[in-house]
Amino acid sequence: MREQETDSLKRIESFDGGDILQALIDDATARFFDECYDVVLDILTSCPDNADLQVRQGSLETEFGDQVLRGWEGRIVEAGYAPEMAHDITLFLWNLVRGLAVRNLVVADPRYCEQVISFGKRLILEAA
């Protein structure tokens, strides 16, 4: 988990312009389409009654995930998006990719994922 956070923070730090939405999507894709995330999901779904495990996973998500999301929000503002939209944009794209990664475990369809992500980007660009 920490390695994923470190990788995300490096990607945030090294972003030097270009398509900020795509950079965030690429980071989320690297994270949620990774084999490590699949293993975490397998563990959590195979032990649904293990409250300690669920709490620990939740605290890791909060401890590390919030830092990454705040980092992307800052970069989105730097890219010219309204500060009041940065949080929503970050959460929307982050959770869109996460949901597609979970769906991909059941039905792997890269073209579908690309289509949905492209639609999400268009929605953001129209709203901004």
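This structure is a prediction, so every number in the text was calculated from the model and none was measured. Note: hydrogens, waters and symmetry copies are ignored here, and every other heavy atom, side chains too, is used. We count residues from 1, following the sequence as given.
- In plain terms, the two heavy atoms of Ala30 and Arg11 that are nearest each other are CB-NH2, 3.7 Å.
- Nearest heavy atoms, Cys113 versus Leu100: O-CD1, 3.8 Å.
- Relative to the ring axis of Tyr112, Arg103 places its NZ or CZ within 45° and under 6.0 Å from the centre.
- The line from CG of Leu123 to CD1 of Ile89 is 11.5 Å long, rounded to the nearest 0.5 Å.
- Following chains of ILVMFWY side-chain contacts shorter than 4.5 Å, one cannot reach Val107 starting from Val102, and the two form parts of different hydrophobic clusters.
- Using a 4.5 Å heavy-atom threshold, the side chains of Ile12 and Val68 count as touching.
- In this structure, the separation between CD1 on Ile124 and CG on Leu93 is 3.5 Å, given to the nearest 0.5 Å.
- The distance from the CG atom of Leu96 to the CD1 atom of Ile25 is 7.5 Å, given to the nearest 0.5 Å.
- One distance of note links CG of Leu21 with CZ of Arg122; it measures 13.0 Å at 0.5 Å rounding.
- Here the CG-CZ distance, from Asn104 to Phe33, works out to 4.5 Å after rounding to the nearest 0.5 Å.
- Residue pairs that meet the side chain to side chain donor-acceptor pair (under 3.5 Å) test with at least one member in residues 72-88, sequence neighbours left out, are Asp27-Trp72, Glu73-His87, Arg75-Glu78.
- Interatomic distance, CG of Leu91 versus CZ of Arg98, reported as 9.0 Å (0.5 Å rounding).
- Taking a cutoff of 4.0 Å between a charged side-chain nitrogen and a carboxylate oxygen, Asp19 and Lys121 qualify as a salt bridge.
- Grouping Ile, Leu, Val, Met, Phe, Trp and Tyr residues whose side-chain heavy atoms lie under 4.5 Å apart, directly or via other members, leaves Val77 alone, with no other cluster members.
- Every side chain to side chain contact (heavy atoms under 4.5 Å, CB included) that Asp26 has, sequence neighbours left out, goes to Gln22.
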